[in-house]
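Following: one structure in structure tokens, then a few remarks.
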Amino acid sequence: MDFNLCTISFRHELVSFEELMEFAVKAGFTGIELWSVHGKAMLNREGERLLQMVRRLRSYHLHVPMVSDYIDLSAGSSAYGEHLKSFQQSIDLACMFDAGLIRLFAGNKASLQVDRFERELWIDRLGELTERAGRRGIGLAIETHPKTMADTLQSTLDLIRDIHHPQLTVNLDFLHLWESGSHPIEAFRELQPFVSIMHLKNISAKQHLGVFEPGNVYSPNGSREGIVALGEGLVDYKQVISCLMEQNLHVSASLEWFGRNPYEALSKDIGWLKHAEAGQTV
């Protein structure tokens with residue numbers, strides 16, 4: 001398996017991309033999932049120096065599997081035009097870093113709350129975005145996430161069917177599908193033909209799942225209660241890794257850490273994953 005660190009894990013840290021590359025190599029990661037907020041800041045600030053970072057990344061034998069982006073599918077025509085310009089920047093970033101994917105959320109409402117007209121508009125826009133990225137050889141990865149049109153296993157399958165584009169893929173977040181009531185392994189087996197990348201994180205108790213609400217995650221003073229190491233939470237990642245190894249699948253998995261002390265936590269998690277991957281007792 002390829003394990004990636006997510007730069008979003010360092011959203012409240014004063015750290016450079018160069019430092020993250022050095023940490024990734026030392027910790028044993030093979031990739032860095034680039035948060036679009038970080039990437040676009042570098043694109044606007046670093047200029048030609050960004051190309052040097054790309055070369056350095058390759059010299060470390062690291063890669064960027066995905067640029068994690070956002071777009072408001074419900075925006076009015078004028079505002080949506082600005083979103084398209086921002087999305088084009090994400091495409092440019094993905095091309096610069098040879099990333100094969102751009103991550104998006106499928107709207108900002110739970111699938112059961114989206115009316116017919118919204119659904120038609122959002123599906124049309126996701127199809128258009130997939131086509132735009134696909135023209136540059138980049139896949140669009142829809143993340144399984146609460147309060148989106150991909151908030152359950154069935155809603156995700158319905159979305160794939162309705163958009164029906166060969167460049168549309170799934171960013172499978174095991175915890176969020178578990179949160180919706182699906183067994184992680186069963187969900188993976190259903191979605192496997194469409195899964196291009198995975199997100200791994202864990203929680204100590206269901207009552208703490210609210211810590212992953214965007215408003216809380218992005219706040220530097222937000223609660224971090226319940227966020228735990230991969231091997232210590234309610235989602236059985238040992239079973240997940242075992243399933244992937246049994247099927248001899250080469251997959252890419254990104255470690256999302258929204259708690260404190262990201263260097264320490266991510267070092268611990270990737271160590272645990274590599275032991276689990278090797279079938280050792282952990």
Side-chain angles (χ1 to χ4, degrees), residues 1-10 17 20-21 23-25 27-36 38-39 54 57-58 60-69 90-91 93-105 130 133-134 136-145 150 156 160 166-178 184-185 187-202 230 235 237-258 262 266-267 269-278:
M1 294 180 65
D2 288 336
F3 296 121
N4 320 300
L5 69 80
C6 297
T7 69
I8 194 174
S9 300
F10 299 85
F17 192 66
L20 289 183
M21 285 192 281
F23 168 67
V25 170
F29 289 96
T30 55
I32 298 177
E33 182 180 311
L34 184 60
W35 190 31
S36 65
H38 287 151
V54 173
L57 184 84
R58 292 169 182 162
Y60 282 142
H61 302 290
L62 292 169
H63 71 290
V64 172
M66 182 163 75
V67 174
S68 292
D69 200 16
S90 292
I91 293 175
L93 268 174
C95 291
M96 185 174 294
F97 280 94
D98 289 328
L101 298 166
I102 295 175
R103 188 287 312 269
L104 289 180
F105 292 118
T130 306
R136 301 286 294 276
I138 300 164
L140 194 71
I142 298 296
E143 182 166 336
T144 56
H145 200 279
T156 305
I160 294 167
Q167 292 291 98
L168 183 75
T169 68
V170 171
N171 173 21
L172 174 57
D173 188 306
F174 283 99
L175 179 135
H176 288 318
L177 278 184
W178 168 84
I185 300 301
F188 169 73
R189 286 174 176 156
E190 288 277 345
L191 291 169
Q192 182 182 338
F194 313 104
V195 173
S196 56
I197 195 167
M198 304 169 183
H199 273 178
L200 311 181
K201 56 179 177 282
N202 221 334
L230 291 178
V235 178
Y237 279 107
K238 187 181 290 187
Q239 187 181 42
V240 169
I241 298 299
S242 177
C243 172
L244 297 175
M245 297 300 292
E246 285 174 5
Q247 298 189 48
N248 196 30
L249 296 174
H250 186 82
V251 296
S252 182
S254 297
L255 282 62
E256 282 191 307
W257 178 255
F258 293 124
L266 289 169
S267 295
D269 271 349
I270 192 170
W272 185 90
L273 283 167
K274 286 182 176 293
H275 278 289
E277 186 183 28

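Here, residue 1 is the first one in the sequence, and each next residue gets the next number.
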Dump the intermediate steps for side-chain contact (heavy atoms from CB on, under 4.5 Å) on Val67 and Ile138, then the final yes or no. CA-CA 10 Å; Val67 174; Ile138 300 164; over 6 Å; no
Apply side-chain contact (heavy atoms from CB on, under 4.5 Å) to Leu266 and Phe23, showing your working. CA-CA 10 Å; Leu266 289 169; Phe23 168 67; 4.2 Å; yes
Decide side-chain contact (heavy atoms from CB on, under 4.5 Å) for Asn171 and Leu101; before the verdict, give the C-alpha distance in whole Å, the side-chain angles of both, and the deciding distance to 0.1 Å. CA-CA 10 Å; Asn171 173 21; Leu101 298 166; over 6 Å; no
Any chance you could lay out the side-chain contact (heavy atoms from CB on, under 4.5 Å) test for Phe17 and Leu34, step after step, and finish with the verdict? CA-CA 10 Å; Phe17 192 66; Leu34 184 60; 4.2 Å; yes
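At least one side-chain heavy atom of Phe258 sits less than 4.5 Å from a side-chain heavy atom of Ile8. Side-chain contact between Met198 and Val240 is absent, with no heavy atoms from C-beta onward closer than 4.5 Å. The shortest distance between side-chain heavy atoms of Val251 and Val195 does not fall below 4.5 Å. Side-chain contact between His145 and Arg103 is absent, with no heavy-atom pair separated by less than 4.5 Å. Side-chain atoms of Leu191 and Ile160, non-hydrogen and from C-beta on, do get closer than 4.5 Å to each other. Using a 4.5 Å heavy-atom threshold, the side chains of Asp98 and Arg58 count as touching. Taking 4.5 Å as the limit, some side-chain heavy atom of Phe188 sits within range of a side-chain heavy atom of Leu244.
Lys201 has a carboxylate O that lies under 4.0 Å from a charged side-chain N of Asp173, or vice versa, which qualifies the two as a salt bridge.
The minimum heavy-atom distance between Pro262 and Trp257, with the atom names listed, is CA-CD1, 3.6 Å. Considering all non-hydrogen atoms of both residues, Gly137 and Gln167 come closest at C-NE2, 4.0 Å. Residues Met245 and Glu277 share a closest heavy-atom pair of CE-O, 3.4 Å. Smallest separation of non-hydrogen atoms from Met96 and Val54: O-CG1, 3.6 Å.
Atom CD1 of Ile241 is separated from atom NZ of Lys274 by 11.0 Å, given to the nearest 0.5 angstrom. Here Thr130 contributes atom OG1 and Leu104 contributes atom CG; the two are 8.0 Å apart, rounded to the nearest 0.5 Å.
When each of Leu230, Val235, Leu200, Thr144 is checked for a side-chain contact (heavy atoms from CB on, under 4.5 Å) with Leu175, only Val235 meets the rule.
Distance alone, capped at 3.5 Å, is enough to place a donor-acceptor pair between the Thr169 side chain and the Leu140 backbone. At least one donor-acceptor pair under 3.5 Å links the side chain of Ser36 to the backbone N or O of Ser68.
Residues Ser252 and Asp2 bring no donor and acceptor atom of their side chains to less than 3.5 Å of each other. Counting only N and O atoms by type, the side chains of Glu143 and His176 include no donor and acceptor under 3.5 Å apart.
By the 30° and 60° cut-offs, the orientation of the rings of Tyr237 relative to Phe174 is perpendicular.
In this view, His63 satisfies the ring pair (Phe, Tyr, Trp, His ring centres under 6.0 Å) rule with no residue, not counting sequence neighbours.
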